[in-house]
Amino acid sequence: MDRIIGIDYGRKRTGVAVSDPLGIFASALDTVQSAKIIEYLKTYCEKENVSAFVVGWPVNMDNTPSEAAADVSAFVKNLRRAFPDVKVEMEDERFTSVLAHRAMIDGGMKAKERRDKSSVDRISAAIILQGYLDRKNGGTDFAATNTFVPDSLSDKVTKKKRRH
């Protein structure tokens with residue numbers, strides 16, 4: 001089965017994520033220097049069948065393209081030229097960096113590791129791709145329907161004692 005690649009393109013670094021063969025889950029894959037991303041993707045596509053690229057589209061809160069949109073547009077043009085037979089989709093990338101930081105904290109990643117911007121780029125790519133996959137799959141909730149999953153923030157256990 002084919003895989004779908006999620007891309008969080010930036011001027012210096014590009015985060016890459018990949019779907020499972022069924023197109024249900026996204027996993028962070030790698031962070032690559034942006035100047036070498038097309039080469040990286042060509043190497044990846046030699047090993048795996050890829051049906052689509054999902055690229056994060058930078059937009060402002062008022063839905064206008066952000067300052068980085070010109071860079072992403074140029075990258076998408078090069079991507080389409082390098083992979084003419086692979087579909088390229090755009091996905092809103094608003095808040096992905098914030099969500100990536102939250103995922104790292106919730107996952108127990110230490111503060112020193114969270115400062116590594118390449119981790120944020122990889123996880124942001126996975127968030128972009130997961131949003132696309134969820135929408136593509138009809139917003140299907142793959143969690144068991146009768147299972148309670150607590151909010152990781154509200155039920156977080158801390159060792160600090162409250163002062164009265």
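These numbers come from the heavy atoms of this one structure, side chains and all, not from hydrogens, waters or symmetry mates. Along the sequence shown, the residues carry numbers beginning at 1.
To the nearest 0.5 angstrom, Met90 atom CE is 9.5 Å from Ile7 atom CD1. Distance check: Leu133 CG to Glu91 CD gives 9.0 Å after rounding to the nearest 0.5 Å. In this structure, Arg135 CZ and Asp92 CG are separated by 9.5 Å, a value rounded to the nearest 0.5 Å. Once rounded to the nearest 0.5 Å, the distance linking CG of Asp30 with CZ of Arg13 reads 12.5 Å. Rounded to the nearest 0.5 Å, atoms NZ (Lys136) and CD (Glu89) are 9.5 Å apart. With rounding to the nearest 0.5 angstrom, the CZ atom of Arg81 is 9.0 Å from the CD1 atom of Ile38.
In this structure, the side chains of Arg122 and Asp8 stay at 4.5 Å or more apart for every pair of heavy atoms. The closest side-chain heavy-atom distance from Val55 to Ile128 is not below 4.5 Å. Contact annotation: the side chain of Tyr40 never approaches that of Cys45 to less than 4.5 Å [non-hydrogen atoms, C-beta and beyond]. Counting heavy atoms from C-beta outward, Tyr9 and Ser73 have side chains that stay 4.5 Å or more apart.
The main-chain N or O of Ile4 is found under 3.5 Å from a side-chain atom of Ser19 such that the two form a donor-acceptor pair. Judged by distance alone, the side chain of Ser34 and the main-chain N or O of Gly10 form a donor-acceptor pair under 3.5 Å. Using a distance-only test at 3.5 Å, with no hydrogens or angles considered, a donor-acceptor pair links the side chain of Asn137 to the main chain of Gly23. Counting only distance, with no hydrogens or angles, the side chain of Gln130 and the backbone of Ala26 share a donor-acceptor pair below 3.5 Å.
Just one residue in the list Asp121, Ile123, Val16 forms a side-chain contact (heavy atoms from CB on, under 4.5 Å) with Thr31, and that residue is Asp121. Residue Phe53 forms a ring pair (Phe, Tyr, Trp, His ring centres under 6.0 Å) with just one option from Phe83, Phe75, Tyr44, Tyr132, and that option is Phe83.
Nearest heavy atoms, Arg3 versus Val18: CD-CG2, 3.6 Å. What you find for Ala125 and Gly6 is that their closest heavy atoms are CB-O, 3.8 Å. Residue Ala126 comes nearest to Ser27 through the heavy atom pair CB-C, 4.1 Å, listed as atom of the first residue, atom of the second, then distance.
Within a 6.0 Å sphere centred on CD of Gln33, heavy atoms belonging to other residues, nucleotides or ligands number 12 at most.
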Test side chain to side chain contact (heavy atoms under 4.5 Å, CB included) on Leu129 and Ile5; report intermediate values, then the result.
CA-CA 7 Å; Leu129 180 56; Ile5 300 292; over 6 Å; no

Derivation of the side chain to side chain contact (heavy atoms under 4.5 Å, CB included) call for Leu41 and Val32:
CA-CA 10 Å; Leu41 293 171; Val32 181; over 6 Å; no

